[in-house]
Undergrad: 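This is the structure I have questions about; it appears just below.
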Amino acid sequence: TTSLSFSVLSYNVNFGNFLSYELSAQNKSVLDAIQQSQCDLICMQETTQATEYLTKKYLLANYPQQVYYHDDQGFAAAGMGIMCTKEWQL
């Protein structure tokens with residue numbers, strides 16, 4: 001048998017950390033924590049379009065697979081994002 005092993009991090013980024021497209025000290029600490037976790041799969045809740053922009057800008061090298069879903073009803077932080085270190089079907 002072949003076993004598959006991978007690590008998962010689930011993180012509620014809360015929209016307060018990612019209201020701006022500028023990298024603040026607060027959201028930099030969130031991005032650093034995600035990167036330092038070295039997890040294979042990152043699941044983020046309460047994301048915004050700014051979250052997507054900043055994670056793609058700063059974490060794309062380590063997490064080349066990224067997909068985001070944003071709320072189309074006007075809620076600021078009702079999105080979700082998934083990032084992977086490996087090429088998996090998302």
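Small disclaimer: the values here were computed from a predicted structure and weren't measured. For the single chain, residues carry numbers from 1 onward in sequence order.
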Undergrad: Looking only at heavy atoms, which two atoms of Pro64 and Ala61 are closest? And how far apart?
TA: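 Taking Pro64 first and Ala61 second, the nearest heavy atoms are CD-O, 4.3 Å.
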
Undergrad: What distance do Asn12 atom CG and Gln45 atom CD have between them, rounded to the nearest 0.5 Å?
TA: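 Reported to 0.5 Å precision, the distance equals 5.5 Å.
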
Undergrad: What's the spacing between Ile42 CD1 and Ile82 CD1 if we round to 0.5 Å?
TA: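 Ile42 CD1 to Ile82 CD1: 11.0 Å, rounded to 0.5 Å.
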
Undergrad: With rounding to the nearest 0.5 angstrom, report the NE2 to CE distance, His70 to Met80.
TA: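 With rounding to 0.5 Å, NE2 (His70) is 11.0 Å from CE (Met80).
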
Undergrad: Rounded to the nearest 0.5 Å, how far does OH of Tyr58 lie from NZ of Lys28?
TA: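 With rounding to 0.5 Å, NZ (Lys28) is 9.0 Å from OH (Tyr58).
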
Undergrad: Rounded to the nearest 0.5 Å, what separation is found between the NZ atom of Lys57 and the CG atom of Leu59?
TA: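 It comes to 12.0 Å.
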
Undergrad: Rounded to the nearest 0.5 Å, how far does CG of Asn62 lie from SG of Cys39?
TA: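 These two atoms lie 12.0 Å from each other.
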
Undergrad: Examine Tyr21 and Ile34 and state if one hydrophobic cluster contains both, with Ile, Leu, Val, Met, Phe, Trp and Tyr joined whenever side-chain heavy atoms are less than 4.5 Å apart.
TA: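 As far as the 4.5 Å side-chain criterion goes, Ile34 and Tyr21 are connected within one cluster.
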
Undergrad: Check whether the side chains of Tyr11 and Ser37 place a donor and an acceptor atom closer than 3.5 Å, and report yes or no.
TA: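 No, no side-chain donor-acceptor pair sits under 3.5 Å.
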
Undergrad: Out of the candidates Thr47, Thr55, Thr51, Thr48, only one should pair with Tyr68 under the side chain to side chain donor-acceptor pair (under 3.5 Å) rule; please name it.
TA: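 Considering Thr47, Thr55, Thr51, Thr48, a side chain to side chain donor-acceptor pair (under 3.5 Å) with Tyr68 is found only for Thr55.
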
Undergrad: Testing Met83, Lys56, Lys86 one by one against Tyr63 for a side-chain contact (heavy atoms from CB on, under 4.5 Å), which residue passes?
TA: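 Among Met83, Lys56, Lys86, the one that satisfies the side-chain contact (heavy atoms from CB on, under 4.5 Å) with Tyr63 is Met83.
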
Undergrad: Using the rule that Ile, Leu, Val, Met, Phe, Trp and Tyr join whenever any side-chain heavy atoms are under 4.5 Å apart, tell me whether Val30 and Leu60 fall into a single cluster.
TA: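 No.
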
Undergrad: For residues Asn27 and Ser20, report the shortest heavy-atom separation together with the two atoms involved.
TA: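 In this case the closest contact between Asn27 and Ser20 is ND2-O, 4.5 Å.
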
